[in-house]
Amino acid sequence: MLIKERLTVRQFAVLAFMGMIGDMMLIYPTLLTYSGRQNAWICSIVSQGIGMLILWLSYKLHEAYPGLTLIEICSKALGKWIGAILAAAYLFYFLMGSAICIREVGDFMTTQVYLHTPIRAIILLFVITLGWSALKGLGTFGKMAEILAPFVMISLIILMLCLLPKMEVSNIQPFFDTPLFSFISGSVRGATASYGELIIITMIYPYITHGVHKRRDLLLAALLAGIMLTLILLTSLLVLGVELTEHNIYVSYILAQKINIGGFVQRIEAISSTAWLVSTYFKTSLYTFGFILGLAQLCRLKSYQPLILPTMLLLFGMAIVISPDVLFYTLGIMYAWFDWDFTVSIVIPAFLLLIHLMKNRFKQRNNASTLSQK
């Protein structure tokens, strides 16, 4: 194995929580409100069930090929050449996911916080931290997630509690008047955008210490993250309304700016933005580490560390050229990304699992025919 370190089950669950919250903390309300309108929060509730099925599918794939990462599963199930092509497609998805997250951080910081700072400087600093994380290894990364996860959780809870006086139920009325197709579309989008992107954890399944509650903790951590995202979406609709939620790119940041309790507790958006940066960092690190590890496995290298520096340089360049501005990927890439998420998190894992079941059935038939001949 390329990695000798092991994550505890708790660290794995925390990483799943942070990876799912990730950049969704800011953009999730906008994504679902586009389809579900004032009933987007109901779409989000329905999407939790769909998301649980997506995670169950990825875990069944892991059980079918224990000890193998997703890249290794592709080669094992489809053979050397076809499997390598599919593995390369997954690596490209991981690389693009990392680049998009890095660019989101750069655009957010230069448009909302550091208005006069060049975006290349922000991206460079973020890429350096990603490289340092990959260099230190999976064990250190898991421990860091355990330390910082409570800060993200507490920040979200404070954000929603402080906005209670500004909530108006009329903003989410009338109920259940969204067209059926839009409602289904919003529910599926919500599941694939949040739970679907957790396909990256199939790259770290083999490096988790054995525990009887591994699947349970994974599902509970992801469900907790889904509930938090649903509450953020509901808070946004109750405070801002449908139109502002749909057309504001960084909704959670706008919500934090609305907080004003007695003229004393106000302007706490720095806490909200820091929590978003922390969660996005962990999601980006997961995608970056998955890409580096998968590339080392595909090329059959003895160590993944020589790939860290070239990958960081590649990510720095891709994050700059991937989009001319924030509107390009918000209006163009983001909604096309759902189809990609749906394919890599549902269609391909289901196909790989089906191939495994068919191989087992053929093997059982061959064994039965061999025994009958004897």
Side-chain angles (χ1 to χ4, degrees), residues 2 19-20 22-24 54 57-58 61-62 65 68-106 123 126-127 130-131 133-134 192-206 280 282-301 304-324 328-330 332-352 355:
L2 291 172
M20 184 168 163
D23 58 337
M24 291 290 111
I54 294 175
L57 181 64
S58 69
L61 184 63
H62 162 65
Y65 298 94
L68 300 180
T69 66
L70 181 60
I71 300 302
E72 294 171 320
I73 289 173
C74 292
S75 299
K76 181 79 172 178
L78 300 176
K80 182 178 179 180
W81 296 107
I82 299 178
I85 294 173
L86 183 59
Y90 266 113
L91 290 178
F92 181 67
Y93 172 76
F94 297 155
L95 182 66
M96 290 293 290
S98 297
I100 284 288
C101 288
I102 294 171
R103 182 55 187 257
E104 284 178 352
V105 170
I123 290 176
F126 197 69
V127 167
L130 293 175
S133 174
T192 54
S194 52
Y195 288 90
E197 294 189 356
L198 280 182
I199 189 65
I200 187 62
I201 63 175
T202 55
M203 293 298 298
I204 61 175
Y205 273 141
T280 304
F282 280 100
K283 179 177 181 178
T284 312
S285 294
L286 281 174
Y287 272 83
T288 304
F289 188 80
F291 171 78
I292 295 172
L293 176 62
L295 184 59
Q297 291 174 337
L298 185 62
C299 298
R300 304 188 186 282
L301 301 179
Y304 67 88
Q305 291 188 342
L307 298 176
I308 294 177
L309 180 58
T311 301
M312 296 306 112
L313 295 175
L314 179 61
L315 285 175
F316 176 75
M318 285 192 64
I320 294 174
V321 304
I322 199 170
S323 172
F328 178 79
Y329 68 78
T330 303
I333 297 177
M334 190 177 294
Y335 297 102
W337 198 275
F338 290 120
D339 298 330
W340 204 0
D341 285 337
F342 185 86
T343 303
V344 300
S345 64
I346 299 177
V347 177
I348 297 179
F351 175 66
L352 293 174
I355 289 177

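One is the number of the first residue; the rest follow in order along the sequence.
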Measuring from atom CD1 of I100 to atom OG1 of T280, what distance do you get when rounded to the nearest 0.5 angstrom? 12.5 Å
Can a side-chain donor-acceptor contact be found between Q297 and T69 if the only test is distance below 3.5 angstrom? yes
How about CD1 on I82, more than 12 heavy atoms from neighbouring residues, nucleotides or ligands closer than 6.0 Å, or not? no
Determine whether L86 and L352 satisfy the following criterion, side chain to side chain contact (heavy atoms under 4.5 Å, CB included), listing intermediate values before the conclusion. CA-CA 11 Å; L86 183 59; L352 293 174; 4.1 Å; yes
Of all the heavy-atom pairs spanning I322 and A99, show the shortest one and how long it is. CD1-CB, 4.0 Å
Are the side chains of Y65 and K76 in contact, using a 4.5 Å heavy-atom criterion? yes
Within the structure provided, determine whether P306 and L301 are in side-chain contact (heavy-atom separation under 4.5 Å). no
Going from CD1 on I123 to CG on L130, what distance comes out if it is rounded to the nearest 0.5 angstrom? 11.5 Å
What distance separates L293 CG from L70 CG, expressed to the nearest 0.5 Å? 11.0 Å
Any C74 side-chain heavy atom under 4.5 Å of Y90 side chain: yes
Go through the steps to decide whether W337 and E197 satisfy the test side chain to side chain contact (heavy atoms under 4.5 Å, CB included), and finish with yes or no. CA-CA 10 Å; W337 198 275; E197 294 189 356; 3.4 Å; yes
To the nearest 0.5 Å, what is the distance between CZ (F342) and CZ (F338)? 13.0 Å
Quick one: does V105's side chain get under 4.5 Å of C101's, heavy atoms only? no
Got W340 and M96 here, is their nearest side-chain heavy-atom distance under 4.5 Å? yes
Please report the closest heavy-atom contact between L198 and G19, naming both atoms and the distance. CD2-C, 4.1 Å
Can you tell me how far apart OG (S345) and CD1 (I200) are? Round to the nearest 0.5 Å. 12.5 Å
Side chains of F351 and L78: closer than 4.5 Å at any heavy-atom pair? yes
Do S58 and T202 have side-chain atoms, one donor and one acceptor, less than 3.5 Å apart? no
With the side chain counted from C-beta on, respond yes when T284 and E104 share a heavy-atom pair under 4.5 Å apart, and no when they do not. no
Work out which heavy atom in T343 is nearest to a heavy atom in P349; give both atom names and the distance. O-CD, 4.1 Å
For a quick test of reading the model, state the closest non-hydrogen atom pair linking M318 to L95 and the distance between them. SD-CD2, 3.4 Å
Looking only at heavy atoms, the pair that brings I292 and A134 closest together is CD1-CB, 4.2 Å
Any chance you could measure I199, atom CD1, to L61, atom CG, to the nearest 0.5 Å? 7.0 Å
Is the distance from the ring center of Y304 to that of F289 below 6.0 Å? yes
Side chain to side chain contact (heavy atoms under 4.5 Å, CB included) between Y205 and L68: does it pass, once the steps are laid out? CA-CA 8 Å; Y205 273 141; L68 300 180; over 6 Å; no
Hey, can you tell me if F94 and Y287 have their rings parallel, tilted or perpendicular (30° and 60° cut-offs)? perpendicular
Within-4.5 Å side-chain heavy-atom neighbours: K283 and M20: no
At their closest point, which heavy atom of S75 faces which heavy atom of A84, and how far apart are they? OG-N, 4.3 Å
